[in-house]
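Presented below is the structure to which this report refers.
Both counts, for ligands and for their atoms, begin at 1 and track the order of listing.
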Amino acid sequence: GDGGGDGGDASNYPDQNITVVVPFSAGGPTDTVTRLIAEPMSEELGQQIVVQNVEGAGGTVASGEVANASADGYTVLMHHIGMSTAPALYQDLGFDPLEDFEMIGLVTEVPMTIVARSDFEPETLEDLIDYVTENADTVTLANAGIGAASHLCGLLFQDAIGVTVQEVPYEGTGPALTDLVGGQVDFMCDQTTNTSGQIAAGEVKAYAVTTPERVESLPDLPTTEEAGLPDLQVGVWHGLYVPAGTPEGIVTRLSDALKVALADQGVIDQMAELGTAPVPEEDATPDAHRARLEEQIETWGQIIADAGVEQS
Ligand code: MLT
């Protein structure tokens with residue numbers, strides 16, 4: 001089918017360390033999910049997995065790098081929903097998400113939360129909408145660069161309320177959250193895998209979660225639909241990629257190791273604590289991953305075009 005080159009010998013794979021590239025800062029949400037599954041995958045594959053953070057341009061720098069890496073299974077990319085929004089957001093991306101990668105499988109779909117510095121005035125999502133509308137000139141919104149999940153969610157928020165605010169880009173929401181806790185920036189949209197701890201500790205103010213259902217680990221937090229912004233729905237799906245042309249046997253080996261990691265009770269428990277869960281086993285496959293990416297490129301391409309976003 002789509003997947004897999006025929007070159008190379010997969011039978012000895014892997015016989016050296018595998019690098020998994022994370023397209024955002026260490027300590028942030030993508031990094032956290034990657035490190036969670038890296039350990040059981042590494043055990044299953046019998047080789048060390050080295051996590052490497054390659055930041056820049058909302059995840060597109062790392063994607064371009066991995067697209068051009070050797071198709072030998074030793075350079076893997078963890079990326080999220082940003083893989084599907086980038087084609088609509090960038091004029092000259094330099095890689096094609098569907099042509100330049102083999103998909104390994106989906107990993108998890110992480111809810112987002114709308115959070116603010118703890119002394120930010122608005123108390124509820126409705127307050128926030130009013131406040132941002134009235135103070136559009138001064139309010140600041142953090143994100144992890146154009147193409148990041150936080151960027152997409154912030155864009156949907158601004159589009160839904162018809163207001164544009166000043167955006168402050170970071171190389172990941174790890175550092176953005178640090179600044180939010182420190183009060184250097186007002187609010188942002190970020191994944192529960194990054195915000196759960198600070199919400200529980202009261203270090204940030206939380207307004208809503210962007211999924212149709214409440215999140216079990218944050219039971220008091222209303223959904224955007226409950227809180228008055230039903231159009232703001234985002235689930236940050238993640239997947240693993242290798243360069244196009246990677247031998248099918250290697251793709252299968254990685255996909256099988258991913259399935260083992262996602263069935264690991266420690267992974268399930270830690271994800272639950274962070275407000276998320278592994279995808280069902282049938283989604284940790286190249287075919288399910290490719291189908292999701294195709295559908296999401298369509299969906300977000302349309303939404304981004306309708307919102308009139310200018311390409312970078
Ligand atoms: C990160 O790891 O920093 C995030 O996934 C950034 C984002 O996409 O908002």
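- Of the options Val204, Asp179, Asp186, Val181, a side-chain contact (heavy atoms from CB on, under 4.5 Å) to Arg117 is made by Asp186 and by none of the others.
- Between Asp31 and ligand 1, no pair of N/O atoms sits closer than 3.5 Å.
- Of the protein's heavy atoms, Ala144 CB, 3.4 Å lies nearest to atom 6 (C) of ligand 1.
- Taking 4.0 Å as the cut-off between side-chain N and carboxylate O, Asp256 and Lys259 count as a salt-bridged pair.
- A donor and an acceptor atom, one from each side chain of Thr113 and Thr195, are located under 3.5 Å apart.
- Checking only distances, Gly174 never comes within under 3.5 Å of ligand 1, N or O to N or O.
- Of all heavy-atom pairs spanning Ala86 and Thr60, the tightest one is CB-CG2, 3.9 Å.
- Closest approach of Ile81 to Gly235, counting heavy atoms only: CD1-O, 3.6 Å.
- Looking at Thr173 and Ser150, their side chains never bring a donor and an acceptor atom within 3.5 Å of each other.
- Each of the atoms 7 (C), 8 (O), 9 (O) of ligand 1 lies under 4.0 Å from some heavy atom of Ser150.
- The ligand atoms of ligand 1 that sit less than 4.0 angstrom from a heavy atom of His80 are 5 (O), 7 (C), 8 (O).
- Contacts with ligand 1 closer than 4.0 Å are made by heavy atoms of both the backbone and the side chain of Pro29.
- Counting only heavy atoms of the protein, atom 2 (O) of ligand 1 lies nearest to Thr30 OG1, 2.8 Å.
- Note: no N/O pair closer than 3.5 Å links Asp190 and ligand 1 by distance alone.
- At a 3.5 angstrom cut-off on N or O pairs, Thr173 counts as close to ligand 1.
- At a 4.0 Å cut-off, not a single heavy atom of Ser25 sits close enough to ligand 1 to count as contact.
- Each of the atoms 3 (O) of ligand 1 lies under 4.0 Å from some heavy atom of Gly172.
- Of all the atoms in ligand 1, the ones that sit under 4.0 Å from a non-hydrogen atom of Ala148 are 7 (C), 8 (O), 9 (O).
- Taking the side chain as every heavy atom from C-beta outward, Met83 and Leu77 approach each other to under 4.5 Å.
- Residue-ligand proximity: His151 is placed with every non-hydrogen atom at 4.0 Å or more from ligand 1.
- Aromatic ring pairs are classed by plane angle as parallel below 30°, tilted from 30° to 60° and perpendicular above 60°; the pair Phe120 and Phe187 is parallel.
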(request) Decide yes or no on side-chain contact (heavy atoms from CB on, under 4.5 Å) for Tyr170 and Leu180, but give the supporting numbers first. (result) CA-CA 12 Å; Tyr170 292 83; Leu180 196 74; over 6 Å; no
